[in-house]
Amino acid sequence: NSVWAKVPLGPRDAILGVTEAFKADKNPKKINLGVGAYRDDKGKPYVLPSVQKAEQQIAKAGHDKEYLPITGLPEFVNAAIKLAYGEDSKPLKEGRIAATQTISGTGALRIGLDFMARFFPHKSIYLPDKTWANHAAIVKDCGLEVKHYKYYDPETVGVAFEGFKADVKAAPNGSAFLLHAAAFNPLGTDLTKEQWVELCQIFKEKNHFAFFDMAYQGFASGIFEDDAFPVRHFVEQGFPIALCQSFAKNMGLYGERVGAFSLVCADKEEKARVDSQLKILIRPMYSNPPVHGARLAAQILNSPELYKDWKVEVKGMADRIISMREALYDLLQNKYKTPGDWSHVKKQIGMFSYTGLKPEQVDALATHASIYLTRDGRISMAALNSSNLEYFAENVSKAVK
Ligand code: PLP
């Protein structure tokens, strides 16, 4: 008669399931395409040289291990929002962006959506019809209702922009929409700049609220400014946006949990009120955030030399992924004459590719070739490299035929 006798067994996390199956497989050619973490061309995790240098500088500085303020390390938070909004951003210059350090991007979403649950007029938020699985879980845990907008077009394995716009127009005025700023996970397909501008116009007409998740700044194009375009455009147009940032992918700081949440406010007085509520929200949750990762990120963002190195390293990661896309397309389409049009693989951007592979084909890849991916057909492009690409393409082609 244990106290926990009635606790039901929950479903396994889809991605962790893939990793477990991969680990148990003895085939030396096995590939794990499930994880959303960058790998170098040897298939190894990558600690950025700029991060290694920052580690050394921090070690030398001999910091203490005192608590951070509730909203984190100010040097980090200020630099993070500068990276996202741009140094010429009007609300940034006017000191009206409320911001806090968070436990990476997930923590930013949690704080941001908790804030929405407390203070946003509608108790719901629209998510794209395909999105990072954790989005809906966080929204629900924060006590908000999940609504969906059209994003995915199965025909083109791309964006259903007409349907997206129709749903934005049909939503009640003043609704909140979660938007992926860049490198949409899982689809790998973002709106074009022209489409963002058009969407922004509709948001204006409808007085909607844009809640941005930017977990991949720099990962789509390799250029921070370009990936931040939607965020900056909405802000330039006068929107009071919310923004979640993560430094897991672009600095490779996955396990350090470095992120930020910010809200553009109308003026300094409003910012002070919002800041006070962010503190009230965070204090009973985890009191204050961890210091080490934020110090690393701050060191890189605030040192012109490290920042320059980091920019090159991010571009290097983005470019390696882009070259894998081109090579994979070429193998699938031209060398193996795989049935169907595979140009989406080349057109998509960021860490992931939504292949359009069916669940049975995904199962066949695991059974016959020890190639593991989630059953929705999403692959991490970063897990492909010059040694395993050919094997992967050959087997995808077989699975499709
Ligand atoms: N948002 C999206 C769309 C993601 O894909 C991820 C990670 O995969 C995150 C947020 C949060 O990641 P983290 O909490 O590791 O920063």
Side-chain angles (χ1 to χ4, degrees), residues 13-16 18-19 32-39 45-46 48 51 72 76-77 80 83-84 100-114 125-139 141-142 146 149 151-152 159 177-191 210-220 227-228 230-231 242-262 285-286 289-290 293-294 296-297 314 317-318 321 348-354 373-374 376 378-383:
D13 185 276
I15 308 235
L16 295 186
V18 170
T19 303
N32 182 3
L33 298 159
V35 279
Y38 183 79
R39 298 288 177 260
Y46 177 52
L48 275 59
V51 169
F76 161 69
V77 178
L83 181 77
T100 178
Q101 184 183 328
T102 57
I103 315 290
S104 210
T106 306
L109 285 157
R110 184 66 199 231
I111 298 299
L113 290 162
D114 253 329
I125 183 164
Y126 286 81
L127 304 180
D129 56 4
K130 286 241 181 292
T131 195
W132 186 46
N134 222 3
H135 279 152
I138 301 170
V139 168
D141 277 0
C142 290
V146 176
Y149 63 85
Y151 192 85
Y152 177 53
V159 184
F177 282 75
L178 186 145
L179 304 168
H180 292 234
F184 193 107
N185 173 13
L187 291 178
T189 315
D190 294 333
L191 299 187
F211 186 104
F212 281 101
D213 183 5
M214 185 157 68
Y216 297 90
Q217 190 181 2
F219 243 83
D227 287 2
V231 168
L243 174 67
C244 301
Q245 289 175 260
S246 167
F247 289 87
K249 326 279 171 169
N250 60 12
M251 279 194 187
L253 291 177
Y254 308 93
E256 295 284 1
R257 315 306 291 143
V258 187
F261 173 72
S262 54
M285 208 188 290
Y286 55 83
L296 284 174
V314 172
M317 292 192 282
I321 294 176
Q348 290 165 344
I349 44 169
M351 182 90 87
F352 299 104
S353 176
Y354 207 74
L373 52 142
T374 43
D376 61 357
R378 185 194 82 162
I379 60 170
S380 171
M381 286 307 298

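The figures that follow rest on heavy atoms only: side chains count, while hydrogens, waters and symmetry mates do not. Numbering of ligands and ligand atoms starts at 1, following listing order. Keep in mind the model is a prediction, meaning the values are calculated, not measured.
Considering backbone and side-chain N/O of Gly105, one or more are found under 3.5 Å from N/O of ligand 1.
Heavy-atom proximity to Ala248, at under 4.0 Å, picks out these atoms of ligand 1: 15 (O), 16 (O). Close contacts of ligand 1 with Asn185, meaning ligand atoms under 4.0 Å from a residue heavy atom, involve 4 (C), 5 (O). The atoms of ligand 1 that sit less than 4.0 Å from any heavy atom of Lys249 are 7 (C), 8 (O).
Of the protein's non-hydrogen atoms, Ser104 OG, 3.3 Å is the one closest to atom 13 (P) of ligand 1. At the top of the distance list for atom 15 (O) of ligand 1, counting protein heavy atoms only, stands Arg257 NH1, 2.9 Å.
Side-chain atoms of His180 and Asp190 include no donor-acceptor pair closer than 3.5 Å.
Not a single side-chain hydrogen bond (donor to acceptor under 3.5 Å, both in side chains) links Thr102 to another residue, sequence neighbours left out. Every residue two or more places apart in sequence or in another chain that forms a salt bridge (Lys or Arg N to Asp or Glu O under 4.0 Å) with Asp129 is listed here: Lys150.
Among Asp213, Thr102, Thr106, the residue whose heavy atom lies nearest to atom 12 (O) of ligand 1 is Thr106.
A side-chain donor-acceptor contact under 3.5 Å links Ser380 to the backbone of Val35.
A distance of 13.0 Å separates OH in Tyr151 from NZ in Lys130, rounded to the nearest 0.5 Å.
Under the 30°/60° scheme for interplanar angles, the aromatic rings of Phe177 and Tyr149 are found to be tilted. The aromatic rings of Phe76 and Phe247 stand perpendicular to each other, their planes meeting at an angle above 60°, with 30° marking the opposite boundary.
At a 4.0 Å heavy-atom cut-off, ligand 1 does not touch Tyr254 at all.
Contact analysis puts Tyr216 in contact with ligand 1, with a non-hydrogen atom separation below 4.0 angstrom.
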